[in-house]
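For reference, the structure is listed below as structure tokens.
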Amino acid sequence: MLGLVKESMDFEFRVGLVPHDVAQITPYFKVLVEEGAGLMSGYHDEDYKQAGAQIVKREEAWAQSVVAKCKEPLEHEYSLLAEGTTLFSYLDLAYNKSLAQMFIDKKITSLCTETLAGPKNNYPVLAPMSVVAGQLAAHLVQHYLLALEHLPGVFGLGVLLGGLSGQARVKVVVVGGVVGLEAAKFLSQAGARVVVLEIDPLKLQNHPYKELYHLEILAVHEANIEYALSGAVGLVGAVLITATSTPKVILKRHLSLMQKGGVVVDVACDLGGCVETIHQTSHSQPVYLQEGLIHYGVPNMPGVVAKTSSIAYSQASLPYLRHFLEHGLKSFLSANTKEVANTLGALSAYQGYLTQEGIARAFNLPFMDPCAVLKSL
Ligand SMILES: NC(=O)c1ccc[n+]([C@@H]2O[C@H](COP(=O)([O-])OP(=O)(O)OC[C@H]3O[C@@H](n4cnc5c(N)ncnc54)[C@H](O)[C@@H]3O)[C@@H](O)[C@H]2O)c1
């Protein structure tokens, strides 16, 4: 049976499946939903009942053989997972050794939705949340530039991204892929001068938004980082190397070139962040001051746009969850469809082993090749 559990991270109001998508599963699979799981996304227990699910207490939802959720379990929830459970969720495992250890200890099969790879080197279940986070990042840059007291005694610079005619445009720097594109688009639409630091040679040659949004696209190297950050009031970082912790691309010395009082939003903080000075924060206390810059490092940004994000996550992940429930792990892991080139990439732990090599090596934990897992099924 499938348990759909309620999130408990700080201001994490998303739910792993919305009632409309639960209704696609219940005709052939029993779904037990934790009471109140969808409330903050605007879905009542009654909506899930009408979708054919049963509403149960927290412990019962977590005790099912397959547990679906949106964000990784927190330490106080580990004891709720039974040995041998299959967990289907975003996991950010590369930055969470205690979670990896728990997967090993409890022989969890973990299907990590953000590392399901699409045919064009894309991540179809991660992408919608990256779009949400990119849009939010642009809003946050503007918000923390307002001359409000963001921290005791710390006020924003008091500048508007759009500026006014007769004044120099303010500069914001963006590094990253899906998040980066979305942030660049929104920042540019707001009127900022946007410089994008890009490592992908294809995008350097032919960036999809370059002309449309008047972006300045620069290759990532020391001189360009320095040029881009000189005088910038904002930085959005969103670098990703799948299934590893994030490389530090923007260093302390680069930040010293930004305008004091400027804003750093490191969206990649969920996997360690690409800015040297970032550490994770929470929606309750989202920012801190370092190097004279307001730093924002919330790892679950979409949690506060719960309705939009829950619908998007549920819709993007449903086909894979359904495939797993209907056909089992072997079929799921060998599915190479038009939409998904590598479901094997989603397997992050199995039977007491980690199955993503970079993570196993970084944490010094036992590794099993996912192809060997597939062969053994
Ligand atoms: N904080 C949140 O709430 C939140 C929400 C969504 C996504 N994220 C995170 O944001 C990050 C980015 O996600 P995405 O979907 O945009 O990923 P993506 O794969 O679309 O983009 C990552 C980009 O990083 C670039 N890159 C890799 N190495 C680089 C380097 N050394 N220098 C410069 N660029 C480099 C790649 O070329 C790619 O364009 C991920 O860590 C993801 O988990 C966080």
Side-chain angles (χ1 to χ4, degrees), residues 7 9-14 70-72 89-96 112-118 120-140 173-185 195-205 207-209 217-222 224-225 228-229 235-251 254 264-276 278-283 286 295-306 308-309 312-313 316 345 358:
E7 302 296 325
M9 192 176 274
D10 181 62
F11 282 84
E12 183 48 81
F13 296 142
R14 284 172 288 184
C70 190
K71 274 298 268 177
E72 69 274 14
S89 179
Y90 289 136
L91 291 171
D92 288 337
L93 192 63
Y95 195 59
N96 196 339
C112 174
T113 49
E114 76 263 30
T115 54
L116 270 165
K120 292 184 188 151
N121 205 17
N122 61 328
Y123 295 91
V125 186
L126 172 63
M129 290 311 107
S130 296
V131 169
V132 170
Q135 291 191 22
L136 285 176
H139 287 296
L140 288 161
V173 179
V174 174
V175 199
V178 176
V179 170
L181 282 179
E182 202 64 16
K185 184 170 103 181
V195 182
V196 174
L197 290 168
E198 184 56 67
I199 202 173
D200 180 346
L202 288 177
K203 283 201 216 142
L204 278 169
Q205 278 168 19
H207 195 283
Y209 289 168
I217 317 283
L218 302 176
V220 182
H221 60 63
E222 184 64 21
N224 280 345
I225 295 176
L229 285 175
L235 166 66
V236 175
V239 166
L240 170 67
I241 298 179
T242 301
T244 59
S245 59
T246 318
K248 301 292 180 205
V249 174
I250 307 295
L251 305 178
H254 302 135
V264 174
V265 177
D266 193 342
V267 182
C269 62
D270 55 344
L271 289 171
C274 59
V275 178
E276 187 180 5
I278 203 72
H279 64 69
Q280 283 193 0
T281 59
S282 64
H283 284 293
H295 283 58
Y296 176 97
V298 175
N300 61 326
M301 294 165 68
V304 291
V305 276
T308 303
S309 303
Y313 176 70

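As the structure lists them, so they are numbered: ligands from 1, and atoms in each ligand from 1.
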- Task: Report yes if P247 has an N/O atom closer than 3.5 Å to an N/O atom of ligand 1; otherwise report no.
- Result: no

- Query: Any idea which heavy atoms bring P302 and M129 closest together, and the distance?
  - Reply: CB-SD, 3.7 Å

- Please walk me through it: do R14 and N300 pass side-chain contact (heavy atoms from CB on, under 4.5 Å)? CA-CA 10 Å; R14 284 172 288 184; N300 61 326; 3.9 Å; yes

- Is the closest N or O pair between G180 and ligand 1 shorter than 3.5 Å? no

- Query: What residue and heavy atom of the protein are closest to atom 25 (C) of ligand 1, and at what distance?
  - Reply: I199 CG2, 4.0 Å

- Numbered atoms and elements of ligand 1 in range of L271, under 4.0 angstrom, heavy atoms: 41 (O)

- Note on the structure: Closest to atom 42 (C) of ligand 1 among protein heavy atoms sits D270 OD2, 3.5 Å

- Message: Name the residue from T113, T115, T242 that meets the side chain to side chain donor-acceptor pair (under 3.5 Å) definition with Y123.
- Response: T242

- Identify the protein heavy atom lying closest to atom 14 (P) of ligand 1, giving its residue, its atom name and the separation to 0.1 Å. S130 OG, 3.5 Å

- Query: Can you tell which part of N300 has a heavy atom less than 4.0 Å from ligand 1: side chain, backbone, both or neither?
  - Reply: backbone

- Task: Could you find the nearest protein heavy atom to atom 12 (C) of ligand 1 and give me its residue, atom name and distance?
- Result: A238 O, 3.3 Å

- Message: Ignoring hydrogens, what is the shortest heavy-atom contact between V195 and A228? Give both atom names and the distance.
- Response: CG1-CB, 3.8 Å

- Query: Hey, does V178 come in under 3.5 Å of ligand 1, counting only N/O atoms on both sides?
  - Reply: yes

- Message: Looking at every heavy atom in both L91 and E114, which two are closest together, and how far apart are they?
- Response: N-OE1, 3.0 Å

- Item | L126 neighbourhood, listing ligand 1 atoms whose heavy-atom distance to it stays under 4.0 Å | 15 (O)

- Query: What protein heavy atom sits nearest atom 29 (C) of ligand 1, and how far away is it?
  - Reply: V239 CG1, 3.6 Å

- Task: Take H283 and M9 through the side-chain contact (heavy atoms from CB on, under 4.5 Å) test and state the conclusion after the steps.
- Result: CA-CA 10 Å; H283 284 293; M9 192 176 274; over 6 Å; no

- Query: Which bit of V298 gets closer than 4.0 Å to ligand 1, counting heavy atoms only: side chain, backbone, both or neither?
  - Reply: backbone

- Tell me which part of P299 gets within contact of ligand 1: side chain, backbone, both or neither, using heavy atoms under 4.0 Å. backbone

- Between A94 and S245, the two heavy atoms sitting closest are CB-N, 3.7 Å

- In short, A219 meets N224 closest at the heavy-atom pair O-ND2, 2.9 Å

- Query: Is it true that K203 lies under 4.0 Å from ligand 1, counting heavy atoms only?
  - Reply: yes

- Query: In terms of residue, atom name and distance, what is the protein heavy atom nearest to atom 5 (C) of ligand 1?
  - Reply: A133 CB, 3.4 Å

- Nearest heavy-atom neighbours spanning L197 and V220: C-CG2, 3.7 Å

- Which ligand 1 atoms, with their elements, are less than 4.0 angstrom from a heavy-atom of P302? 3 (O)

- Message: I need the nearest protein heavy-atom contact for atom 3 (O) of ligand 1: residue, atom name and distance, please.
- Response: M301 N, 2.7 Å

- Query: If you count the atoms of ligand 1 from 1 in the order shown, which ones are under 4.0 Å from a heavy atom of V220?
  - Reply: 33 (C)

- Item | Nearest-neighbour protein heavy atom for atom 19 (O) of ligand 1, which is reported as residue plus atom name and distance | L240 CD2, 3.6 Å

